[in-house]
Structures are given as C-alpha cells and as structure tokens.
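Heads up, the thing below is written out as structure tokens.
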Amino acid sequence: MTHPLLIGLNAQQQRAVQAIHGPVLVLAGPGSGKTRVLTHRIAYLINEVGVRPYNILAVTFTNKAAREMRERLGNLIGESRAHDVMMGTFHSICARWLRRDIQHLQRANDFVVYDADDQQRVMKQILRELDLSEKQYNPRSIHARISAAKNELIGVAEFARSVSSYFDEIVLRCYERYEKQLFANNALDFDDLLLKTVNLFEYHPEVLARYAERYVHVMVDEVQDTNRVQFSLVNHVGAGHNNYFLIGDIQQSIYAWRGARLANVREFEEAHPDVQIIPLEQNYRSTQPILDVAQSIIDAAHDRRHTTKIWTDQQEGDLVSLVEAYDHNEEARWVADEIMRIRGRDGRSLDDFAVMYRTNAQSRAFEEAMISRGLRYKLVGGTRFYERKEIKDIVAYLRIIHNPHDEVSLLRVINVPGRSIGDRTQQELLQWARNLDISIWDALELLVTNEAQNPPIGGRARNAVEQFQKLVAGLRDLRHDLMLGELIQRLLERVPFQDLLVAEYGEEEGAERWENILELQNVSMEYLALPTEDQLPRFLEEVALVSDVDSLDTSKAREPGVTLITLHQAKGLEYPVVFLAGLEEGLLPHGRSIDDPESIEEERRLLYVGTTRAKQRLYMLYAFKRATWGRTDLTIPSRFLGDIPKDLLQRTPIREVKQMPVHAATQWQSSTPQRTRGAQPSPSSMWSGTSGPARPKRPEREPSAASYNAGDKVRHANFGEGVVVSSKMVGDDEEVTVAFPGKGVKKLLAAFAKLERV
DNA sequence: TATTGAAGCATTTTT
DNA sequence: TGCTTCAATA
C-alpha cells in the first residue's frame, strides 16, 4: 500500500523521498516538483522513520523558499513540528549559529550584520584613511575582491601569501584594515557569516561536533549555486551522519560570478562513491512547446555532459511568440497592451503575468508603460524596502541603540536630522577616537562626562554632539524594557522624521516615505511573540538578510499585479504568462560576459531559467534599437535565438505592421547596412526575409504629433486644474508644460501624468 | 556648515 | 539618461 505521503508522486520522486540513508544527489529539471519532494521527504523522515524535527537541517536558496516549505510542511505534520526543523538560507542559519557560539572566536554575540551599502561605507572610509584616491581605486572593486576571497575561504593571512600584483597589494592593505574595522564595530559582513562559521568549526572541533552530531539529515536545495564556503559548511556539518540530500539543476547554474562552483557537485560525487543519483525529469509546469524551446537553447550548450532531458505530458499549448519591437518603449508598451488583451480575453489575474529582463535598468520602461495604462505591478529588486534611505536611517538608529560601537551606523545618523555636525566635526571626532584607540561612541561618552583631556571640538559643535549622545543613550536605557514597536515609537517621538521627510522631499513624496516608516513599524509587530530583549536583535538580523523576492507575496504585495523581475531573481518562481524582454546581444548575453566563453554559457543557462518559468504562454522579445544611457544603438538579436528551430516559434507582428506594404519592408531591409554588414552572418540574418513579416517599422518613422496645445485646460491628480503653456514631443512621449495656479509651472510627461482635459 | 549648480560618470546579475 | 560627487558661495 502506498504511504499517504507518497500519494501523487511519480516513481522518481518517491525514490527521492524514501532514500533515507547515505549520500543522495538529486538532479532535478525545472518544474519537477523539487520543493514538493523536499517537503515530503522531511515529513516522511519525521512521521515514518522517526527522525526528530530538531535533527534535520534544510538549506534553501532564499528565505521565501524556506517560508513556503515550512508552511507546506506544517500542513503535513503540524506547525509545531515543522517549526523545529532547522530551515533557512546559509546566511540566516549561520547567523543563528554564530549568535550562539561566536564567543569561541573571541567576539561578542551582539554583532550587527553589514549589508552592501554598509560595506561600501567602511571601504570608502578605509581608502580615505590609507590616503588612497577613490578614483584610482574603486571601493567597490576592492571590496568585490575581498568578498571573492572570503567566499573562497581565503582570510587575510592566506591572501597575503598569494599576492601577485600591485592591485593585490592595495587590496591586501585594505583587507587587513577592513577586518580590523569590522571587528572594532562589532560587525560582520554577509561573507563573514559563512566564513566565521567555518572558522568556528575548524578552530573548535568540539563546537562542530555538537552540530555534526545533532544534524542527522542535511539537505541542500539549489546545490549548483553553492560556493566554496557554503559547501565546506555542508561537508562539516554533514560529516557526522553522512546522510546528505543534495538537490539541484546543473543547467540552472547562474551564480558562478558569485563564486558558485559546479565543481562542488563533482567533488561530492568523487568523495562519496556510494552516492545515489536520482534524476527528476518530468516537468509539471510548462507545456510542450515551451519546453521544446527551452530544450533547444540548452542543447546548444558547449558543455553537454549534464544534459538531462525533461519531458511533460502537457502536449497541448500555444507556440512561443517571438516579437520584434522598434525600441525599448515600444517593447514595454506592447507587453502592457498584450497583458490587457489577454487578461480580458482569458479572464486572468494580473498575478499571472511576469516580465523578466537581464538588468534592473530595463524595468523603467515597463513601469512607465504599466502606469500609463493603470496596470498594477510589483517591481522586484531595484531599491528594496530595507535599502530605502529613510528606512536605513531608522535602522541605523536602532542599530546603535543595540550596539553603539557600530561606527557606520553612528556616522550615518549623527547628522540626521541636521544638527550642524558636519563633515569637519565628524572627521575630527573620528581622528580623536582613532588616536585614543577607542570607538566613536566611547569618545562621545568621554565628551559628555567631561573626562576628556583635550577634546578636539568645542562650542556649538560640542553642544550638538552631546545632544546626540544623550538622545541615543536615553533610548539605549529603554532597549531591554520596551517592546520593539514601542521602542520605535519612542524613537519617532524624539526624532522628527515626518517633518524631516516632508522638508526634504516635499508633501507628496515625503508622505510616501513616511508611509514606509509606518510600514516598518508594522513589520516590528511580527516580533511581539519573542521575549522583549530578543526582539531588537532578531529584527536587525532579519533586516539585513531578507532579499526582495522574499517579500514578493507578503505585506502590501497582496493586491494582484504584474511582476517585473530580473532573470536571476526569477529562479524558483513560475507564472502562467511570461515575457522575456531585451533578448539582444550585449544584454543577453550581457556585454560584460561577451568575451568569456564560460560566461556566455552562463548567460545561456540564464535564458534557459527564464524560459522554464512559463507555464502556458511565453513571449520572447527584442527591440530593433535600444537606448543605453543616452546613446541609441541598433541591436543584434541574441545569438541564443538562433539556436531555436524556427518552427518552434511564431513571429508575432506588432499591430502597426499590418498596414505596411510588404515590398516597402523588403526594400527597407536591404538598405540597412548595419544589420547585414560583417564577415560572419549575424544571427539577425537568420530572421530577415524568411518566415513571417519583416521589420515592423522604419527607424525614421514620424513621431506622432503633440496632442496638447497652449491654452488647453487640464486637470492633474495632485496639482488640480491648470493651463497648458506649451507642449513638445520628447522621443515618443509628450512633454507638456502646465501652469497650475498657486502650484507653479510644471513639466509633465503626458503618458505619465494622466492629465484630464477640462 | 549648508546649499547650490555643474560636471562627470555609470549599468550586470545578489545572499 | 539620471544620479552622485565636487567645487564654489553665502
């Protein structure tokens, strides 16, 4: 008789769920029900094999994946048992371990976690102190080098041994300083969370033994995207019981640039000759026509050692559409129009649609197109919630309340709101603290208690600094006694953020940003269940570690909307209708990877990931010309499109093309040297003049005429009634200059501003 | 010290 | 193009 937890699973999936001993490697294709297998396996281990939830470790790629899995698991075995399984991303799991055991490394456990922005600030300060010019040595690339080293388990000492260039010399000096600074600030960066955990395990085997003994089963999702540190962690913790369960898809490996090593998988196989390898080949997500396209893209890969054939029994389905737009604006408008069309025809929710692109910068055109049509959208990435200035400011206050030695946060808000503590004073303070070898906070305390021998600042600056110190000290006194929500409330009472935001951004945007702060207060309510003194630290930790996809279907995103997302972030997600935009040389594959064959292959896999997100309908788009920071260039369609057999695609003409005589199109085509020039045939030549209609438009197409004239009366949602002063076409948009009585003269984009005629 | 304006520079992808 | 950074001024 089939066990209840195995019902509805295919043979391969059942095998994976029931493989309870020894090392297991599951090679899963896209849409093969990975999460389901993982969830059912955990439930099976607990219910059937009698493993205690506490003894299971499951690592996911995003917090969102962990949350979803925990929820499903709760339905299968009950919430409280699901809660006891150790589940999360490498970063969040390591953060929890370090809170508990970092004292073995001679560090305090109330560390703060620095995000990319904080890391950058530290780096800049270091360059300043080392007297290196930021122009000559880009703080970002120096930090990137350090980060890469940490991901390869290379600490300062090892790095020093491998220095081989002048740039490395510089990096080494910064690396040393950077580590010292983080230590002094009692901070860890993202990479430290992993690296310090490995250090902890290696320097203190007795600590590792505790964990290795505890975790009887170690499971890792998306194993193809693990880097060296992460895999080292897996090997350490899993060594106790040798029950590994690694699941992933080699063809979806898209994070090599972040240090991910496919070699991890190969080395694992070599180290464990008894490994069971289980494929999951049936795809439950997409229709056959979509999978055919995906398969043709991946079949053209150079390295085909790992090609798993995926199949589906959903034979029926629409052909994949290939669309050429005139430029990025038309691309966006067409997508928006198509969404409106399909939504009406098929009665779909906006949640069913996703637009995917290579770079975040591409989102803008889509946002504008959605706004002008009144379509709601959810932008994933870009500036995330916790990266917004106003949010980071509040968080910085909370951080120094928690840990006042966090110099980055302290300097961030010492002059927010403006207290006339300018750069000069700040540098004086910093220098003073450095000379005394104490933290800035300690220096402030010296100042306030009048114990300072020869303080570098006096008069009004000193007064302002002391005020700030007292503000923070006052809040610090409350931190253990107040709930997080109340603490934030007190902070907002003592620091007039609302006025500040209105002053800085004006009524409208100020109000919007204030909303964000209120939302933050809302979030803080989720920590009510914890003991009062734990609320702040846990909150700060999660703030640093949540990613944007994590919040995709929580909080205000509840209302339906079209998802705008990068291909990288789309991994693991699925949508009934997917638009893949900007399939052009230079964009996908991206210009930065174009001269490295390995990177090109990664770009190919990225496209594969994109195509396999679609359940029923897939559109692939490219534009005839594209504007990249000012300059507009003609494009070449992505080489990957050339790998797709033509009969798998339907050319979908853009509306206007219907009116265009065929001969005109042909004529125009042959007179376009840019498109056909060059020794090798470009991929575009595969498309020209063959199947389907040709180029939809002439580049010299007349822009449509302005529709507003001077003297017209209009109404704007915020400014009220006004009179048009002038109007001109800017690109494809109409820029209307309107005088609003009492509000001044505003320049508005007609597509954007939703003007009403009066 | 804060504010203003001009110049110059930048876009992969993220936990 | 849109933002950050730098320099000049009050």
Side-chain angles (χ1 to χ4, degrees), chain A residues 59-66 88-95 113-117 119-120 124 134-135 138 140 144 147-148 150-151 188-195 222 225-227 229-230 253-260 328-329 356-365 380-384 386-387 415 417-428 457 459-461 464 503-504 541-550 565-571 582 586-594 596 599 602-603 605-607 609-610 626-632 730-731 733:
Chain A
V59 187
T60 57
F61 192 70
T62 61
N63 290 302
K64 178 174 186 269
T89 60
F90 278 106
H91 288 86
S92 63
I93 288 170
C94 285
V113 178
Y114 277 178
D115 69 11
D117 178 62
Q119 292 163 21
Q120 189 99 352
K124 281 187 180 166
E134 267 186 43
K135 290 203 179 110
N138 176 256
R140 266 181 44 206
S147 173
K150 288 185 174 183
N151 282 318
L188 298 181
D189 66 15
F190 278 152
D191 307 309
D192 283 338
L193 290 174
L194 310 180
L195 181 59
E222 308 285 12
D225 287 325
T226 53
N227 60 31
V229 200
Q230 292 170 333
S253 144
I254 54 175
Y255 281 96
W257 56 271
R258 203 171 79 184
H328 65 286
N329 285 320
M356 301 179 186
Y357 36 78
R358 177 65 231 266
T359 64
N360 279 306
Q362 287 170 261
S363 68
R364 179 170 248 114
V380 183
T383 32
R384 306 158 188 203
Y386 287 112
E387 284 169 7
N415 201 27
R419 299 184 176 91
S420 288
I421 307 174
D423 205 41
R424 176 81 183 280
T425 310
Q426 290 178 31
Q427 290 303 319
E428 291 284 357
I457 54 171
R460 64 200 185 291
E504 193 165 341
E541 183 175 306
E542 279 177 46
V543 161
L545 297 179
V546 290
S547 70
D548 207 42
V549 259
D550 294 335
I565 193 169
T566 64
L567 287 163
H568 281 90
Q569 295 198 100
K571 189 170 70 156
L587 220 39
L588 189 77
H590 193 273
R592 294 283 248 246
S593 41
I594 231 137
D596 173 25
S599 311
E602 181 151 312
E603 300 281 306
R605 294 191 293 268
L606 193 54
L607 180 58
V609 168
R626 184 168 298 268
T628 30
W629 67 91
R631 184 197 269 100
T632 300
V730 179
D733 282 317

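In what follows, every chain begins at residue 1, and chains take the letters A, B, ... in the order their sequences are listed. Worth knowing before you read on, the calculation uses all heavy atoms, side chains too, and leaves out hydrogens, waters and symmetry mates.
Between the C1' atoms of B/dT13 and C/dT4, the separation comes to 22 Å (whole Å). The same atom, P, is picked in C/dC6 and in B/dT11; the two are 15 Å apart, to the nearest Å.
Which of B/dT13, B/dT1, B/dT15 sits closest to the side chain of A/Arg258 comes down to B/dT15.
Using a 4.0 Å heavy-atom distance criterion, A/Lys124 is classed as a sugar-phosphate-only contact. Using a 4.0 Å heavy-atom criterion, one finds that A/Arg140 contacts the sugar-phosphate atoms exclusively. Backbone-only contact: A/Asn415 has heavy atoms under 4.0 Å from sugar-phosphate atoms and none from a base.
Distance, A/Phe61 CZ to B/dT13 C1': 11 Å, rounded to whole Å. Nucleotide C/dT1 holds its C1' atom 15 Å from the CD atom of A/Gln362, rounded to whole Å. In this structure, the CD atom of A/Gln120 is 16 Å from the P atom of B/dT14, given to the nearest Å.
OP1 or OP2 of B/dT13 sits under 4.0 Å from a side-chain N or O of A/Asn360. Contact annotation: A/Thr62 side-chain N/O to B/dT15 OP1/OP2 distance is not under 4.0 Å. Between A/Ser593 and B/dT13 there is no side-chain N or O to OP1 or OP2 distance below 4.0 Å.
Of the residues near DNA chain B, A/Ser420 and A/His91, the one whose nearest nucleotide (by heavy atom distance) lies more toward the 5' end is A/Ser420.
Considering only residues two or more places apart in sequence or on other chains, A/Thr628 meets the side-chain hydrogen bond (donor to acceptor under 3.5 Å, both in side chains) condition with none of them. For A/Thr359, the side-chain hydrogen bond (donor to acceptor under 3.5 Å, both in side chains) test picks out A/Gln362, with sequence neighbours left out.
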Checklist entry - In dot-bracket notation, what is the pairing pattern of DNA chain C, taking Watson-Crick (N1-N3 plus N6-O4 or O6-N4) and G-U wobble (N1-O2 and O6-N3) contacts under 3.5 Å, with [ ] crossing and | for other strands? => result .|||||||||
